[in-house]
Amino acid sequence: MDLFCLRLKALKEQHNYTYSQIAEYLGLSAPRTVKAYAAGNVKPDYFKLIALADLFDVSLDYLCGRSDEPRRF
């Protein structure tokens, strides 16, 4: 499992979001897509990555595992 999946799951838990709430924020019709992101079965597109980083107020580098610093600069 890659770092993106682990961080997505951790951020979901930290913010007490459900997969349905995240899917709604992303404009997805079903939470199964977000579950697939968290499981590593599907990779979000560029726009969904940005939206996830905005939702959790973290940098894209942190979300994708390129940095251990969650703060956005």
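For the pair Lys12 and Tyr19, the cation-pi criterion (under 6.0 Å, within 45° of the ring axis) is fulfilled. Cation-pi check for Arg71 over Tyr62 is not met; the charged atom does not lie both under 6.0 angstrom from the ring centroid and within 45 degrees of its normal.
Formation of a donor-acceptor pair under 3.5 Å by the Gln21 side chain with backbone atoms of Thr18 is found in this model.
Separation of atoms CZ (Arg66) and CG (Leu3) is listed at 12.0 Å; rounding is to 0.5 Å. With rounding to the nearest 0.5 Å, the separation of OG in Ser67 from CG in Leu60 is 11.0 Å. Distance CD1/Ile50 to CG/Leu26: 12.0 Å, rounded to 0.5 Å. For the atom pair CD1 of Ile22 and CG of Leu28, the computed distance is 10.5 Å after rounding to the nearest 0.5 Å. To the nearest 0.5 Å, atoms CZ (Arg32) and OG (Ser20) are separated by 11.5 Å. The structure places NZ of Lys35 at 12.5 Å from CG of Asn41, a figure rounded to the nearest 0.5 Å.
Note on Leu6: it does not cluster hydrophobically with Val42, by side-chain heavy-atom contacts below 4.5 Å among ILVMFWY residues. Both Val34 and Tyr25 are members of a single hydrophobic cluster when ILVMFWY side chains are connected at heavy-atom separations under 4.5 Å.
Listed by chain and residue number, nothing satisfies the side-chain contact (heavy atoms from CB on, under 4.5 Å) test with Glu24 (two or more places apart in sequence, or in another chain).
The minimum heavy-atom distance linking Phe4 with Tyr37 is given by the pair CE2-O, 3.9 Å. For Ala30 against Ala23, the heavy-atom pair with the smallest separation is O-CB, 3.8 Å. Glu69 and Ser59 make their closest contact through O-OG, 3.5 Å (heavy atoms, listed as atom of the first residue, atom of the second, distance).
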Quiz item: Going through the distances and angles, do Leu8 and Phe56 end up as a side-chain contact (heavy atoms from CB on, under 4.5 Å)?
Solution: CA-CA 9 Å; Leu8 177 58; Phe56 297 122; 3.8 Å; yes
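Checked for salt-bridge contact, Arg7 and Asp2 miss the test: no charged N lies under 4.0 Å from a carboxylate O.
For Arg72, the CZ atom is densely surrounded, since the number of other residues' heavy atoms within 6.0 Å is greater than 12.
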